[in-house]
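This report refers to the structure that appears directly beneath it.
No experiment lies behind these values; they were computed from the predicted model shown.
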Amino acid sequence: MPDRAPQPVDRTLPTEEARDLIALVREIVQREIAPRAAEEEEAGRFPRELFSLLSESGLLGLPYDSEYGGGDQPYEVYLQVLEELAAARLTVGLGVSVHSLACHALANYGTKEQRGEYLAAMLGGGLLGAYCLSEPSSGSDAASLRTKAERDGDDWVITGTKAWITHGGVADFYTVLARSGGAGARGISAFLVPGDAEGLSAAAPEKKMGMKGSPTAQLHFDGVRVPDARRIGDEGQGFAIALSALDSGRLGIAACAIGVAQAALDESLDYATGRRQFGRPIADFQGLRFMLADMATKVEAGRALYLAAARLRDRGLPFSKEAAMAKLFCTDTAMQVATDAVQILGGYGYTADFPVERLMREAKVLQIVEGTNQIQRMVIARHLAGPESR
């Protein structure tokens, strides 16, 4: 089959600086990420050195204030960087999104003193973060979390277990939501916990269907002592902080999903234009041509949807509904496009010799993380029709 390299996505970017940024990302992808992605995912190898490189290149703090080491980039640019990274390797794209999520609380709710002390290292100092909300018994119902934070003089003592933590056991810091007061959402506070805190340990990583290179693990807090200076926001404000972070995080997942979908589309086009049956390329057959057309249309629609939500965010306008819509549509699109890619490649698509089987396995998790797509539908419906009757 002919070597048909995928064409770069033709992006509409707001500044020349943004165009240079995308060019830098593509260079890193081609040189450092794509060549080893399949091999390292199969081996379950976490590419920590890549995150160090991304930090050195200024790519781990793009949407945050340059005063603290961030990149001062609008979300519409940051998300397109995530898409480029995820198209090459979801472990990297999603990892950057999770790191940004972990920085959100301090960057947006921390005091000036807290930001001055911690944020620069988090954004550009080579550190890697993780976000700790879910627990073994509270996933979609996050307000019912049980991990406790009890006041002891000038410290808080955190006890409990967090689950499904991306970068669990390898992160340098964790943004942790814990119950500091009574039941319900108003009894939760946010804390910045160092990765080497005494009493903090990680279980063995989960054995997952996909994203084998990204460690996902339970974290155990056995009397972890955190000074009150590491509490972020007011006591009892943690759940509101978490929801704010998740609105932005869902856009990150949407962008990663379109990256996966774009990669699957590119592989499908490469195969369909090179594979010949009955004396001509299979891309000549109407059945496949229509599949490719539908796949491309969904990818473009998903990209437009997440960028529209990002532009609302950049203008300081409400975007919760649009973030939920983008997460829902883009992740469903990734699953459908990756599944169609396997079908187009036929038997080859079902083998590890071609990347579409990995893309299909990776797409599935995007319909689950940071709020399942069933939860996204509930969020959207509440914006449309109001809260459910009790």
Is a donor on one side and an acceptor on the other found under 3.5 Å between the side chain of [X] and the backbone of [Y]?
X      : Y      : answer
Asp314 : Tyr75  : yes
Arg289 : Ala283 : yes
Arg146 : Ser137 : no
Thr297 : Ala293 : yes
Arg115 : Glu117 : no
Glu198 : Arg225 : no
Ser214 : Thr91  : no
Lys327 : Gly252 : no
Lys364 : Met335 : no
Glu135 : Thr147 : yes

Nearest 0.5 Å, what's the [atom1]-[atom2] distance between [X] and [Y]?
X      : Y      : atom1 : atom2 : value
Arg231 : Asp155 : CZ    : CG    : 12.0 Å
Met378 : Ser140 : CE    : OG    : 8.0 Å
Leu265 : Leu269 : CG    : CG    : 4.5 Å
Glu322 : Arg250 : CD    : CZ    : 13.0 Å
Asp294 : Asp340 : CG    : CG    : 8.0 Å
Arg11  : Leu307 : CZ    : CG    : 8.0 Å

Sorted by chain and number, sequence neighbours left out, salt bridge (charged side-chain N to carboxylate O under 4.0 Å, His left out) with Asp234 holds for none
Counting C-beta onward and ignoring hydrogens, is there a side-chain heavy-atom pair between [X] and [Y] closer than 4.5 Å?
X      : Y      : answer
Leu200 : Phe221 : yes
Met211 : Thr166 : no
Pro227 : Asp154 : no
Glu40  : Lys212 : no

Taking atom [atom1] of [X] as the centre, report whether more than 12 heavy atoms of other residues, nucleotides or ligands fall under 6.0 Å from it.
X      : atom1 : value
Arg19  : CZ    : yes
Phe285 : CZ    : yes
Arg315 : CZ    : no
Gln286 : CD    : no
Arg186 : CZ    : no
Asp222 : CG    : no
Lys148 : NZ    : no

Checking Leu94, Leu54, Leu59, Leu60 against His99 for side chain to side chain contact (heavy atoms under 4.5 Å, CB included), the one that qualifies is Leu60
Does any donor atom in the side chain of [X] or [Y] lie under 3.5 Å from an acceptor atom in the other side chain?
X      : Y      : result
Ser248 : Arg313 : yes
Tyr306 : Glu83  : yes
Asn373 : Thr331 : yes

### Message
Parallel, tilted or perpendicular: which one describes the rings of Phe51 and Phe46, with boundaries at 30° and 60°?
### Response
parallel
Taking the basic N atoms (NZ, or NE/NH1/NH2) and the acidic carboxylate oxygens, is any pair closer than 4.0 Å for Arg36 and Glu39?
no
Salt bridge or not between Arg89 and Glu32? Use side-chain N to carboxylate O under 4.0 Å.
no
Does Leu82 share a hydrophobic cluster with Val299, counting links as ILVMFWY side-chain heavy atoms below 4.5 Å and allowing steps through other members?
yes
Review point. Are Met360 and Ile344 linked, directly or through other ILVMFWY residues, by side chains that come within less than 4.5 angstrom of each other?
Key: yes
Would you please indicate if the ring centroids of His167 and Tyr174 are separated by under 6.0 Å? no
